[in-house]
Amino acid sequence: MKNPNFHDDPLISGKEKEIDLKEIFTVIKRRFWMIAVITLLTTMFAGFYSYFYTNPLYATSTRIMINTTAETINTLNVIIKDPAVLEKVAAKLDLDRSGEALSGQINAETIGSSQVINISVIDSNPVLAAKIANTTAEIFKDEIPGFIVIDGMEILAKAKPNYYPINENHSRYIMMGVIAGIIIGVGLVFLLDSLDDSIRSKREVEEIFDAPVLGAVSKMSKRNTTKGNVKKKQPLRSETFGSKSI
């Protein structure tokens, strides 16, 4: 037969859970100022980093149509990003970049199941991004007959400079700063509380001495112990009853 256990009682378990939640709330409340200060600092740092240290990036694209099969188009998507082709792009634009570096800025993909390839470029300069996209399409048009036989190729739309950055989202950085500050602040508060050996509650006293607390003395302040707040003793009155006085 299973012996009754103190923790098996749902009422007692619920009470202990409630007490634990109160203790957690008390720990946070006691050093809430620390969480607020850390959150403010991390938010300010995130905002400062977002406005002054984040380089804006601009994206643009050009589209070309190639009259060939779907399998050939997939092969052409790989050839567009080949460093050998992009080295000629860098040379024509007089860029101090390698073909490998340009390959990381360019993406080529087929639009749906069509014969249209979209060449997109990301760069810190919106005008240069458009030039890279258009030059890549032109050189690819000239070089592709040497790789694969196709029935025809046409540039549908040239890239134009896009002056709206794709990564300038200050609110996202600020929100990340707020969340990071709260996490760091709460973690630091509980770390300091775990290192604090002072006794602050009746429950801790009962756990240490293994005995219940019968009473507590309230904290006395100077205001409560001034002479003005102490009631003076009233003198005893004497009354006469007949011939006797009391």
> Is any side-chain heavy atom of Asn125 less than 4.5 Å from a side-chain heavy atom of Tyr58?
Replying inline: no
> Any idea which heavy atoms bring Arg97 and Ala90 closest together, and the distance?
Replying inline: O-CB, 3.5 Å
> With a 4.5 Å heavy-atom cut-off, do Lys88 and Glu143 have their side chains touching?
Replying inline: yes
>> If I compare all heavy atoms of Gly177 with all of Ala46, which pair ends up nearest, and what's the gap?
In response: CA-CB, 3.9 Å
>> To the closest 0.5 Å, what do you measure between CD1 (Ile73) and CG (Asn67)?
In response: 8.5 Å
> Say you draw a straight line from OG1 of Thr26 to CZ of Arg31; how long is it, rounded to the nearest 0.5 Å?
Replying inline: 12.5 Å
> side chain to side chain contact (heavy atoms under 4.5 Å, CB included) between Val186 and Val189: does it pass, once the steps are laid out?
Replying inline: CA-CA 5 Å; Val186 172; Val189 164; 5.6 Å; no
>> Are the side chains of Phe190 and Ile24 in contact, using a 4.5 Å heavy-atom criterion?
In response: yes
> Is there a donor-acceptor pair closer than 3.5 Å between any side-chain N or O of Gln115 and the backbone N or O of Thr68?
Replying inline: yes
>> Would you say that Asn118 contacts Ser61 through its side chain, given a criterion of any heavy-atom pair below 4.5 Å between the two side chains?
In response: yes
> Is it true that the side chains of Thr69 and Thr72 contain a donor and an acceptor less than 3.5 Å apart?
Replying inline: yes
>> When you measure from the side chain of Thr110 to the backbone of Ile117, do you find a donor-acceptor pair of N or O atoms at a distance under 3.5 Å?
In response: no
>> Check this for me, if you would: do Arg30 and Asp193 make a salt bridge, where the nitrogen-to-carboxylate-oxygen distance has to be below 4.0 angstrom?
In response: yes
>> Return the OG1 to CD distance between Thr62 and Glu138, rounded to the nearest 0.5 Å.
In response: 8.5 Å
>> If you compare all heavy atoms of Gly185 against all heavy atoms of Ile38, which two are closest, and at what distance to 0.1 Å?
In response: CA-CD1, 3.8 Å
>> Regarding Lys141 and Glu154, does a basic nitrogen lie under 4.0 Å from an acidic carboxylate oxygen?
In response: no
> Should Ile106 and Leu57 be regarded as members of a common hydrophobic cluster, given that ILVMFWY residues are connected when their side-chain heavy atoms come within less than 4.5 Å of each other, either directly or indirectly?
Replying inline: no
>> If hydrophobic clusters are built by linking Ile, Leu, Val, Met, Phe, Trp and Tyr wherever their side-chain heavy atoms come under 4.5 Å apart, do Val37 and Val27 end up in the same one?
In response: yes
> What are the two closest heavy atoms between Ala130 and Lys160, and how far apart are they?
Replying inline: CB-C, 3.8 Å
> In Å and rounded to the nearest 0.5 Å, what is the NZ to CG distance from Lys81 to Leu102?
Replying inline: 11.0 Å
> Any chain of hydrophobic side-chain contacts (each under 4.5 Å) joining Val121 to Val116?
Replying inline: no
> Roughly how far apart are Leu128 CG and Thr60 OG1, rounded to 0.5 Å?
Replying inline: 11.5 Å
>> Under 4.0 Å between a side-chain nitrogen and a carboxylate oxygen: does that hold for Lys131 and Asp123?
In response: no
> Does a sphere of radius 6.0 Å around CE in Met176 hold more than 12 heavy atoms from other residues, nucleotides or ligands, not counting ones at 6.0 Å or beyond?
Replying inline: no
> Roughly how far, to the nearest 0.5 Å, is the CD1 atom of Ile80 from the CG atom of Leu76?
Replying inline: 6.5 Å
>> Using the rule that Ile, Leu, Val, Met, Phe, Trp and Tyr join whenever any side-chain heavy atoms are under 4.5 Å apart, tell me whether Ile111 and Leu156 fall into a single cluster.
In response: yes
>> For Tyr163 and Val127: C-alpha separation, side-chain torsions, deciding distance, then whether side chain to side chain contact (heavy atoms under 4.5 Å, CB included) applies.
In response: CA-CA 8 Å; Tyr163 297 96; Val127 177; 3.8 Å; yes
>> Is it the case that the side chain of Thr135 and the backbone of Ile132 share a donor-acceptor pair, with hydrogens and angles ignored and the cut-off at 3.5 Å?
In response: no
>> Looking at Thr42 and Val178, would you say the former's side chain and the latter's main chain have a donor-acceptor pair under 3.5 Å?
In response: no
> Got Ile66 and Phe140 here, is their nearest side-chain heavy-atom distance under 4.5 Å?
Replying inline: yes
>> Tell me whether Met34 shares a hydrophobic cluster with Leu40, the cluster being built from Ile, Leu, Val, Met, Phe, Trp, Tyr side chains joined at under 4.5 Å.
In response: no
> How far apart are the closest heavy atoms of Ile174 and Gly47, and which atoms are they?
Replying inline: CG1-CA, 4.1 Å
> More than 12 non-hydrogen atoms from neighbouring residues, nucleotides or ligands closer than 6.0 Å to CZ on Phe45, yes or no?
Replying inline: no
> Is the shortest heavy-atom distance from the side chain of Thr75 to the side chain of Ile79 under 4.5 Å?
Replying inline: yes
> Considering all heavy atoms of both residues, which atom of Leu86 and which atom of Gly99 are nearest to each other, and what is their separation?
Replying inline: CD1-O, 3.7 Å
